[in-house]
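Note sheet for the following structure.
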Amino acid sequence: MRLSRYFLPTMKDNPKEAQVVSHRLMLRAGMIQQASAGIYSWLPLGFNVLQKIEQIVREEQNAAGAQEILMPTIQSADLWRDSGRYDDYGQEMLRITDRHDRDMLYGPTNEEQVTDIFRTHVRSYRNVPLNLYHIQWKFRDEVRPRFGIMRGREFLMKDAYSFDLDFEGARRSYNQMFVAYLKTFARMGLKAIPMVADTGPIGGDMSHEFIILADIGESEVYCHKDWLDLDVLTSEIDYQGDLQPIVDKFTKIYAATDEKHDPSLCPPEDLVSTRGIEVGQIFYFGTKYSEALGAKVSKPDGGEAVVHMGSYGIGVSRLVGGIIEASHDERGIIWPEPVAPFGVGVINIRTGDEACDAAAEDLYAKLTTAGREPLLDDRDERPGSKMADMDLIGLPWQIIIGPRGLKNGVVEVKNRKTGETEEMTPEAALNKLAR
RNA sequence: CGGAGUGUGGCGCAGUCUGGUAGCGCAUCCGUCUGGGGGACGGAAGGUCACAGGUUCGAAUCCUGUCACUCCGACCA
């Protein structure tokens, strides 16, 4: 992409309404624009990142055996009356009336809808386990939206729903999602700690919130200090195998949210207390919705079983802010490579200079061919503002091409994260970054 | 939903107390000089001062109401 043609409205000044770092940087980097309280438009740079995150989530869900569907944003109130939640949900649910005066709602979640799909088509134990997920916009009419995209009213969420014959099956499904979440967040360069979470009226030990540590986190969290240098999960996973050992490994070290914190379970000298951002939650809720909505399958012995369900959410749009909170400096964003909107930023220090133009165009073409998704700053701007913009939008690598270096046959390769720069020939730069 | 606050050009702000026909920095456009960390000079464009009503010869400024947004708290992916 050429910056001269790319819609990237960056800002030098901080918008006053943005208090937290990620919100400020997203506005300054031209990623989003607020449409109304807690509702945002996504501009090209922000949308690019959102899609990269979405794709990682999708790949890991598929790898774990979940199947993607797409359910609507607008739902009928009838299903919610069946489950009893139409009256329970309260003001957070945005209620709408259509032209025929029928009660509709903008979905805050999809348990009812997915259960309806299941009960319509699945009648036999042979067709479970089943795990269906979708990545769709949700709306919750928060009283007080804040933190920019991280606590908006409209948000993009991946939600998966598992259906099993019994509790043991549900535990296997739960473990699959548990491990898939570890892999998903690790791929984004995040350390997300699974913390014991409140299971509500269901009870048991099958709910975890996946939390990344950050000062501006919305809730107080507690964990053993061993978490801080525990390696994230990167190995290949056989999802059909026994996942319990992996789950055990990541649950035996103490970590709990505020509500579930029990000081007796962790020596005080090892306890770390900090704030965290919840980026995912997994939950086993038994037969709550299957019972209410009649999702039953026939068993091998001819009887009927009400299916056991679980739901598994990932805040896709929230992750954009979460990643920035976890990875930035005073100059701007520092994208982890897997979610970076472009792989390499090529800065032509002096657009219009014959040698600079030629070198920049050549590198740009070759990086494009190599699949590195380069962003070429070919604008006629001052060097300072080009560098400031490139640092702000946080691409992992920069190649800086200027007359001074070219005189000696070199360009400068800069690592955004470490700030280290290295001079080398354009060919060497290409070899280093094209991989 | 309680508490606090803010609405003036794209962004950040001054002007409001003490009414007199709107200003500054950055950004934008044109020109010249520049050119490795947000440059200089000259010129230009851009505002129903959130909205509605009222007071007044005259309202960004005073009064009444409405709306929007932000921050702190309680609540949530």
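In what follows, chains carry the letters A, B, and so on, assigned in the order in which the sequence lines appear, proteins first and then strands, with residues in each chain numbered from 1. Computed from a prediction, not measured in an experiment: that's the story for all the values here.
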Quiz item: So which nucleotide from B:rC71, B:rG37, B:rG38 ends up closest to the side chain of A:Arg146?
Solution: B:rC71
Exercise. Nearest whole angstrom, please: distance from the P of B:rC30 to the CG of A:Asp380.
Key: 11 Å
Practice problem: Check the distance between B:rC76's C1' and A:Met150's CE and give it to me in whole angstrom. | Solution: 14 Å
Quiz item: What orientation do A:Tyr89 and A:Trp80 show, parallel under 30°, tilted 30 to 60°, or perpendicular over 60°?
Solution: perpendicular
Quiz item: For B:rA68, which nucleotide in any strand shown is its Watson-Crick or wobble partner with both distances under 3.5 Å?
Solution: B:rU6
Practice problem: Report yes if the side chains of A:Ile399 and A:Leu367 come closer than 4.5 Å at any heavy-atom pair, otherwise no. | Solution: yes
Quiz item: Between the base of B:rG37 and the side chain of A:Lys414, is there a donor-acceptor distance below 3.5 Å?
Solution: yes
Quiz item: What nucleic acid atoms does A:Gly152 come within less than 4.0 Å of, heavy atoms only: base, sugar-phosphate, or nothing?
Solution: base
Exercise. Examine distances only and state if a side-chain atom of A:Lys158 and a backbone atom of A:Tyr312 form a donor-acceptor pair shorter than 3.5 Å.
Key: yes
Practice problem: Taking only the side-chain heavy atoms of A:Glu412 (C-beta and beyond), determine which of B:rG38, B:rU70, B:rG36 contains the nearest atom. | Solution: B:rG36
Quiz prompt | Integer angstrom distance from the P of B:rC63 to that of B:rU16 | solution = 14 Å
Quiz item: What integer distance in Å separates A:Met177:CE from B:rA77:P?
Solution: 19 Å
Quiz prompt | B:rG65 and B:rG46, which share atom name P, separated by this distance in whole Å | solution = 37 Å
Practice problem: Indicate whether OP1 or OP2 belonging to B:rG35 is found under 4.0 Å from a side-chain N or O atom of A:Arg404. | Solution: no
Self-check item: Watson-Crick or G-U wobble partner of B:rU55, both distances under 3.5 Å
Solution: none
Quiz item: At under 4.0 Å between heavy atoms, what does A:Ile347 touch on the DNA or RNA strands: base, sugar-phosphate, or nothing?
Solution: nothing
Quiz item: Whole-Å distance between B:rA77 P and A:Tyr161 OH?
Solution: 12 Å
Quiz item: Would you say A:Gln33 reaches B:rG10's phosphate, i.e. side-chain N/O to OP1/OP2 under 4.0 Å?
Solution: no
Practice problem: Please state the C1' separation for the pair B:rG12 and B:rA52 - nearest whole angstrom. | Solution: 29 Å
Quiz item: So do A:Ser311 and A:Phe285 actually touch side chain to side chain, heavy atoms under 4.5 Å?
Solution: yes
Quiz item: Among the nucleotides B:rC71, B:rC69, B:rG36, which one has an atom lying closest to any side-chain atom of A:Gln19?
Solution: B:rC71
Self-check item: Complementary nucleotide of B:rU61, counting Watson-Crick and G-U pairs under 3.5 Å
Solution: none
Quiz item: Are the side chain of A:Thr421 and the backbone of A:Lys414 linked by a donor-acceptor contact shorter than 3.5 Å?
Solution: no
Quiz item: So what does A:Gly402 hit on the nucleic acid, given a heavy-atom distance under 4.0 Å: a base, only sugar-phosphate, or nothing?
Solution: base
Practice problem: Examine distances only and state if a side-chain atom of A:His328 and a backbone atom of A:Ile324 form a donor-acceptor pair shorter than 3.5 Å. | Solution: yes
Exercise. Answer yes or no: is there an ion pair linking A:Lys417 with A:Asp329, defined by an N-O contact shorter than 4.0 Å?
Key: no
Self-check item: Toward the 5' end of RNA chain B, by each residue's nearest nucleotide, A:Val279 or A:Gly405
Solution: A:Gly405
Exercise. Starting at atom CZ of A:Phe147, determine the distance to atom C1' of B:rC69, rounded to an integer number of angstrom.
Key: 17 Å
Practice problem: Taking only the side-chain nitrogens and oxygens of A:Gln281, find out if one of them lies under 4.0 Å from OP1 or OP2 of B:rA77. | Solution: yes
Self-check item: Closest listed nucleotide, where the reference is the side chain of A:Arg140 and the choices are B:rG37, B:rG35, B:rA77
Solution: B:rA77
Quiz prompt | Complementary nucleotide for B:rC49 - Watson-Crick or wobble, under 3.5 Å | solution = none
Quiz item: Does any N or O donor sit under 3.5 Å from an N or O acceptor when you compare the side chain of A:Arg153 with the base of B:rC76?
Solution: no
Quiz prompt | Whole angstrom value for the distance that separates P of B:rC76 from CD1 of A:Ile277 | solution = 18 Å
Practice problem: Determine the contact category for A:Thr109: base if any of its heavy atoms lies under 4.0 Å from a base atom, sugar-phosphate if only primed atoms, P, OP1 or OP2 are that close, otherwise nothing. | Solution: nothing
Quiz item: Taking CG from A:Asp13 and P from B:rA14, how many angstroms apart are they, rounded to a whole number?
Solution: 14 Å
Quiz item: Just to confirm, is there a sub-4.0 Å distance from OP1 or OP2 of B:rA40 to any side-chain nitrogen or oxygen of A:Arg382?
Solution: no
Can you tabulate the close N/O pairs, meaning under 3.5 Å, that link protein atoms to atoms of nucleotides 6-8 of chain B?
residue, atom, partner, partner atom, Å
B:rU6, O2', A:Lys16, NZ, 3.0

Quiz item: With rounding to whole Å, what would you report as the distance between B:rU32 and B:rA22 at their C1' atoms?
Solution: 32 Å
Quiz item: Where the side chain of A:Glu92 is defined as all heavy atoms beyond and including C-beta, which of B:rG35, B:rC76, B:rA77 is the nearest nucleotide?
Solution: B:rC76
Quiz item: Which nucleotide in the list B:rC11, B:rA77, B:rG37 gets nearest to the side chain of A:Glu278?
Solution: B:rA77
Quiz item: Which part of the nucleic acid does A:Glu381 contact within heavy-atom distance under 4.0 Å: base, sugar-phosphate only, or nothing?
Solution: base
Quiz item: Atom CZ of A:Arg144 and atom P of B:rA4: how far apart are they, to the nearest Å?
Solution: 15 Å
Practice problem: State plainly whether the residues A:Glu154 and A:Arg140 are in salt-bridge range, i.e. N to O under 4.0 Å. | Solution: no
Quiz item: Between B:rG37, B:rU70, B:rA74, which nucleotide gets closest to the side-chain atoms of A:Met387?
Solution: B:rG37
Quiz item: Rounding to the closest angstrom, what is the interatomic distance between B:rG47 and B:rG73 at atom P?
Solution: 40 Å
Quiz prompt | Mate of B:rA44 where both pairing distances stay under 3.5 Å, Watson-Crick or G-U | solution = B:rU28
Quiz item: Is it true that A:Glu17 and A:Arg146 have a side-chain N and a carboxylate O under 4.0 angstrom from each other?
Solution: no
Exercise. Select one nucleotide: of B:rC69, B:rC11, B:rG36, the one nearest the side-chain heavy atoms of A:Pro403.
Key: B:rG36
Quiz item: What's the spacing between A:Leu8 CG and A:Met1 CE if we round to 0.5 Å?
Solution: 10.5 Å
Exercise. Could you work out the separation of B:rA45 and B:rU61 based on their C1' atoms and round it to a whole Å?
Key: 28 Å
Quiz prompt | Any-strand Watson-Crick or G-U partner of B:rU21, both distances under 3.5 Å | solution = none
Quiz item: Salt bridge or not for A:Arg81 and A:Asp78, using N-O below 4.0 Å?
Solution: yes
Quiz item: Is any N or O donor-acceptor pair between the side chain of A:Asp353 and the base of B:rG35 shorter than 3.5 Å?
Solution: no
Quiz item: Are A:Arg153 and A:Tyr106 in a cation-pi setup, meaning NZ or CZ lies under 6.0 angstrom from the ring centre and within 45 degrees of the ring axis?
Solution: no
Quiz item: Contact class for A:Asp159 vs. all strands (heavy atom < 4.0 Å): base, sugar-phosphate, or nothing?
Solution: nothing
Quiz prompt | Any strand: nucleotide that pairs with B:rA14 via Watson-Crick or wobble, under 3.5 Å | solution = none
Quiz item: In terms of the nearest nucleotide of RNA chain B, which residue is placed more toward the 5' end: A:Arg318 or A:Leu406?
Solution: A:Leu406
Quiz item: With rounding to whole Å, what would you report as the distance between B:rC71 and B:rC13 at their P atoms?
Solution: 14 Å
Quiz item: Base, sugar-phosphate, or nothing: which does A:Ala388 touch, judged by heavy atoms less than 4.0 Å apart?
Solution: base
Exercise. Could you please name the partner base of B:rC1, counting Watson-Crick and G-U wobble pairs only when both distances are under 3.5 Å?
Key: B:rG73
Self-check item: Distance, P atom - from B:rG9 to B:rC24, rounded to whole angstrom
Solution: 14 Å
